[in-house]
Amino acid sequence: MRQKIVAGNWTLNKNVAETKSLIADLKAQTNTSGARVIITPSFVNLTTAVEAVAGSNIEVAAQNMSQHDSGAYTGETSADMLKSAGVNITLLGHSERRAYYGETDALLAEKVDKALAENIEVIFCFGEELEERKSGKHFDVVASQISNALFHLGADAFKNIILAYEPVWAIGTGETASADQAQEMHAFIRKTLADKYSADLADSVSILYGGSCKPTNAQEIFSKTDVDGGLIGGAALKAEDFFGIINANK
Ligand code: PGA
């Protein structure tokens with residue numbers, strides 16, 4: 001079902017004490033928007049975070065997940081490990097994972113399959129680079145990222161997938177896509193889903209915008225028909241900013 005969602009991508013930030021403190025600050029705020037609120041602390045802090053969010057509507061997600069169940073894969077974290085820590089949601093395909101750790105569409109298709117098979121909800125991230133937008137290839141790039149990693153799935157799988165469009169040129173740069181650029185791409189994504197599956201399915205999937213979303217620009221972006229919320233990086237690290245963004249998603 002299409003939902004309003006604001007997810008905070010904490011990336012490589014916050015130690016144990018800072019994780020507890022930010023969650024305490026978040027719990028002290030009131031979500032007046034009714035949106036789902038998701039945070040993604042580092043792996044080492046997931047258990048702490050799950051304990052700390054108890055009694056609130058804040059959900060805890062991982063930033064990544066292995067495609068493997070277990071074995072000699074140093075540095076990896078499995079679906080079972082996440083679930084045993086009380087985590088049932090993961091980001092997959094963030095542009096930083098793609099750019100710095102070589103995650104390809106094919107690998108992401110495997111990870112998506114593993115997560116869904118293990119009943120882990122996926123926030124699937126994708127988006128074009130600056131050069132691709134400048135040369136007018138952004139729609140093709142996005143269509144191929146989505147189709148390569150997701151279009152082998154049956155329609156039912158999309159009940160457990162949230163899409164996050166994040167133009168790489170807007171992530172952490174302070175440069176935001178305009179609300180119209182976000183809407184244009186989100187409408188294209190919905191049409192791509194409708195063409196492959198059905199209009200009903202396309203209308204049921206939540207599509208988040210990510211890339212330098214701030215309390216000052218969130219309301220305009222979230223007011224667009226096809227934007228269901230945001231995946232927030234830098235501004236998710238301060239309770240006041242994050243809540244300003246959540247409360248902009250009415
Ligand atoms: P940003 O990051 O909000 O700092 O641009 C977005 C993200 O990392 O997903």
Side-chain angles (χ1 to χ4, degrees), residues 4-14 18-19 22 26 33 35-43 45-46 49 58-65 87 89-103 108 111-112 115 121-130 132-133 138 141-142 145-146 149 161-179 181-183 185-186 189 206-222 224 227-249:
K4 289 189 180 303
I5 299 167
V6 178
N9 179 16
W10 287 15
T11 63
L12 184 56
N13 289 288
K14 307 288 179 192
E18 291 162 349
T19 297
L22 178 52
L26 292 175
S33 76
R36 277 177 76 183
V37 177
I38 301 172
I39 56 171
T40 67
S42 74
F43 285 109
N45 291 322
L46 288 176
I58 302 170
E59 299 171 75
V60 176
Q63 296 177 18
N64 183 28
M65 196 200 81
V87 175
I89 315 170
T90 188
L91 299 182
L92 287 178
H94 191 279
S95 68
E96 289 149 17
R97 299 294 322 168
R98 294 174 189 260
Y100 307 149
Y101 304 99
E103 297 201 3
L108 292 170
K111 291 191 176 203
V112 168
E121 190 175 15
V122 172
I123 303 176
F124 182 74
C125 313
F126 53 91
E128 82 283 359
E129 297 192 10
L130 185 58
E132 293 165 335
R133 179 161 281 264
H138 44 301
V141 168
V142 162
Q145 287 172 326
I146 296 173
I161 296 177
I162 297 161
L163 299 180
Y165 167 60
E166 298 200 300
V168 178
W169 47 272
I171 298 178
T173 58
E175 191 171 334
T176 323
S178 69
Q181 282 173 321
Q183 168 55 27
M185 183 58 86
H186 284 221
I189 294 161
S206 304
I207 310 178
L208 314 184
Y209 167 79
S212 299
C213 220
K214 303 178 206 74
T216 44
N217 61 23
Q219 197 162 8
E220 195 193 352
I221 296 170
F222 296 163
K224 295 293 176 183
V227 180
D228 300 307
L231 179 56
I232 317 303
L237 299 174
K238 276 198 198 146
E240 208 180 302
D241 289 349
F242 191 48
F243 255 84
I245 295 173
I246 291 164
N247 288 334
N249 196 8

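For reference, positions follow the sequence shown, starting with 1. First listed ligand is number 1; within each ligand, the first listed atom is number 1.
- Contacts of ligand 1 (protein heavy-atom distance under 4.0 Å) are N9, H94, E166, A170, I171, G172, G211, S212, L231, I232, G233, G234.
- With sequence neighbours excluded, the residues that form a side chain to side chain contact (heavy atoms under 4.5 Å, CB included) with L237 are W10, N13, K14.
- Using cut-offs of 30° and 60° for the angle between ring planes, the F126 and Y165 rings count as tilted.
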I'd like a table of donor-acceptor pairs (distance under 3.5 Å, sequence neighbours excluded) in which one partner is a side-chain atom from residues 208-215, with atom names and distances.
residue	atom	partner	partner atom	Å
Y209	OH	A177	N	3.0
Y209	OH	G211	O	2.8
S212	OG	A170	O	2.7
S212	OG	G174	N	2.8
K214	NZ	S212	O	3.3

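- For the salt bridge (Lys or Arg N to Asp or Glu O under 4.0 Å) condition, no pair includes a residue of residues 233-245, sequence neighbours left out.
- Between R98 and E166, no side-chain nitrogen of the basic residue sits less than 4.0 Å from a carboxylate oxygen of the acidic one, so the salt-bridge criterion is not met.
- The number of heavy atoms from other shown groups lying within 6.0 Å of CD (Q219) does not exceed 12.
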